[in-house]
Peer 1: 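This structure is in structure tokens; I'll ask about it shortly.
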There are 2 protein chains.
Amino acid sequence: MEIACFIEAADRHCQQQGVKLTALRRQVLELVLSYPGVVKAYQVLADLQKQRGIAAPPTVYRALDFLVAAGLLHKVDALNGYIVCHHVGCSHEGLILVCGDCGQVEELDATPVLDVLRQQAGGAGFAISQQNLMLTGRCKECRT
Amino acid sequence: MEIACFIEAADRHCQQQGVKLTALRRQVLELVLSYPGVVKAYQVLADLQKQRGIAAPPTVYRALDFLVAAGLLHKVDALNGYIVCHHVGCSHEGLILVCGDCGQVEELDATPVLDVLRQQAGGAGFAISQQNLMLTGRCKECRT
DNA sequence: TTCTCAAATGTTACGGTATAACAAAGTGAT
DNA sequence: ATCACTTTGTTATACCGTAACATTTGAGAA
């Protein structure tokens, strides 16, 4: 059970940061983890409703926001979705590749390329903040 | 009047591509141009309604989609907004810097960095599609 | 010209995404 | 126990985007 392992790591991660991974937040995290790729807020909401009877949008959005802020999830703006961060505790700027066909996600280290970007942007007087790079394309399987 | 000049260039660009910059599309483009930075679809819709009395969402979304497809606008997913492309006719993958404070946008050439990204992603079997890079940070003025 | 077809636009209605605002319940410190 | 604070519940609503079908427009063929 890989999920349990991730949750444990997430727990430690939150403790280190001095924030609380409450029961609700843990539950939402588990739901996101149960999907192989990108998940939408309202899917999570539906799952949550199955598990606890009722739940409203703010409940799930707040939990998702927390998890993103804690670095446990990433938001995929282009798809209005969320994915699990596979580099919790690591360097922590991700290069996130989303397959437009199957929705699968791959996450690489973005530090080298962000260094280059920071330099290029700096030339224009622009200071890039900490963030992930999100790119779409086609994965190995879908490319065949 | 810089707008007129841009519209002219856009016109030529569309003719070259064999697509039509109709009156409506031109009007929408002008409205987007009238803003300094990111514009939202419903802002454009409101402006359009002021100018021609009535207009419904599909009208403006279709025009915006066309303009994005034609390479005259970029969509800023993170903000649900649109910006003018300042590199019409150029290489044409943009590195778009959005200032989180003032909303101003700067657009650089993304080809060099995307080359690097394509190589890195290729190592993971991932084929990145044509697209823009969108980064947030703080611009020169807001940094002082 | 007139017809025809395809592209563009108009119109209605709806579904998906997200947040404001306030109430209630939990948590921890003194 | 009570106070301050964080988290969660609840209601309502605002914002974003598109499906589906009707109508108009324009370019080319008969």
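Numbered from 1 within each chain, the chains take letters A, B, ... in sequence-line order.
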Peer 1: Output all residues satisfying side-chain contact (heavy atoms from CB on, under 4.5 Å) with Val68(B), sequence neighbours left out; order by chain, then residue number.
Peer 2: Leu73(B), Tyr82(B)
Peer 1: Within the structure provided, determine whether Asp77(B) and Met134(A) are in side-chain contact (heavy-atom separation under 4.5 Å).
Peer 2: no
Peer 1: Between Ala56(B) and Phe66(B), name the one whose nearest nucleotide on DNA chain C is closer to the 5' end.
Peer 2: Phe66(B)
Peer 1: Among residues at least two apart in sequence or on other chains, which ones pass side-chain contact (heavy atoms from CB on, under 4.5 Å) with Ala121(B)?
Peer 2: Leu97(A), Phe126(B), Ile128(B)
Peer 1: Could you work out, with side-chain hydrogen bond (donor to acceptor under 3.5 Å, both in side chains) as the rule, every residue matching Asn80(A), not counting sequence neighbours?
Peer 2: none
Peer 1: Please report the distance, rounded to the nearest Å, between CD in Gln51(B) and P in dT9(C).
Peer 2: 15 Å
Peer 1: Scan residues 57-70 of chain A for pairs that pass side chain to side chain donor-acceptor pair (under 3.5 Å), counting only residues two or more places apart or in two chains.
Peer 2: none
Peer 1: Got a list of protein N/O to nucleotides 26-30 of chain C N/O distances below 3.5 Å?
Peer 2:
none

Peer 1: With hydrogens left out and only the distance checked, is there a donor-acceptor pair under 3.5 Å joining Arg62(B)'s side chain and the base of dG17(D)?
Peer 2: no
Peer 1: Taking only residues two or more places apart in sequence or in another chain, which ones pass salt bridge (Lys or Arg N to Asp or Glu O under 4.0 Å) with Glu8(A)?
Peer 2: Arg12(A)
Peer 1: Report which part of the nucleic acid Thr59(B) touches: base, sugar-phosphate, or nothing (heavy-atom distance under 4.0 Å, all strands).
Peer 2: base
Peer 1: Roughly, in whole Å, what's the span from CG in Leu48(B) to C1' in dG10(C)?
Peer 2: 12 Å
Peer 1: Identify each donor-acceptor pair in which a side-chain atom of residues 30-40 of chain B lies under 3.5 Å from a protein atom, sequence neighbours left out, and give them as a table.
Peer 2:
{"from": "Ser34(B)", "atom 1": "OG", "to": "Leu31(B)", "atom 2": "O", "distance (Å)": "2.6"}
{"from": "Tyr35(B)", "atom 1": "OH", "to": "Asp47(B)", "atom 2": "OD2", "distance (Å)": "2.7"}
{"from": "Lys40(B)", "atom 1": "NZ", "to": "Leu79(B)", "atom 2": "O", "distance (Å)": "3.3"}

Peer 1: What integer distance in Å separates Ile54(B):CD1 from dA13(C):C1'?
Peer 2: 16 Å
Peer 1: Under a 3.5 Å cut-off on both pairing distances, which runs of 3 or more consecutive Watson-Crick or G-U pairs involve DNA chain C?
Peer 2: C:1-30 with D:1-30
Peer 1: Please identify each residue that fulfils salt bridge (Lys or Arg N to Asp or Glu O under 4.0 Å) with Asp115(B), with sequence neighbours left out.
Peer 2: none
Peer 1: Given atom CG of Leu64(B) and atom P of dT18(D), what is their separation to the nearest angstrom?
Peer 2: 11 Å
Peer 1: Between dT8(D) atom C1' and Arg26(A) atom CZ, what is the distance in whole Å?
Peer 2: 16 Å
Peer 1: Just jot down the side-chain contact (heavy atoms from CB on, under 4.5 Å) partners of Ala124(A), sequence neighbours excluded, or say none.
Peer 2: Glu106(B), Leu108(B)
Peer 1: Could you state the interatomic distance from SG (Cys85(A)) to CD (Glu107(A)), rounded to the nearest 0.5 Å?
Peer 2: 4.5 Å
Peer 1: What contact category does Arg25(B) fall into here, base, sugar-phosphate, or nothing, at under 4.0 angstrom with non-hydrogen atoms?
Peer 2: sugar-phosphate
Peer 1: Which whole-number value in Å describes the distance from Leu45(B) CG to dT9(C) P?
Peer 2: 15 Å
Peer 1: Identify, with sequence neighbours excluded, every residue that meets salt bridge (Lys or Arg N to Asp or Glu O under 4.0 Å) alongside Arg25(A).
Peer 2: none
Peer 1: Which whole-number value in Å describes the distance from Gln17(A) CD to dT6(D) C1'?
Peer 2: 18 Å
Peer 1: Which atom pairs link the protein and nucleotides 16-20 of chain C when you take only N or O atoms and keep those under 3.5 Å?
Peer 2:
{"from": "dT17(C)", "atom 1": "OP1", "to": "Lys40(A)", "atom 2": "NZ", "distance (Å)": "2.7"}
{"from": "dA18(C)", "atom 1": "OP1", "to": "Lys75(A)", "atom 2": "NZ", "distance (Å)": "3.4"}
{"from": "dA18(C)", "atom 1": "OP2", "to": "Tyr61(A)", "atom 2": "OH", "distance (Å)": "3.0"}
{"from": "dA18(C)", "atom 1": "N7", "to": "Tyr42(A)", "atom 2": "OH", "distance (Å)": "2.9"}

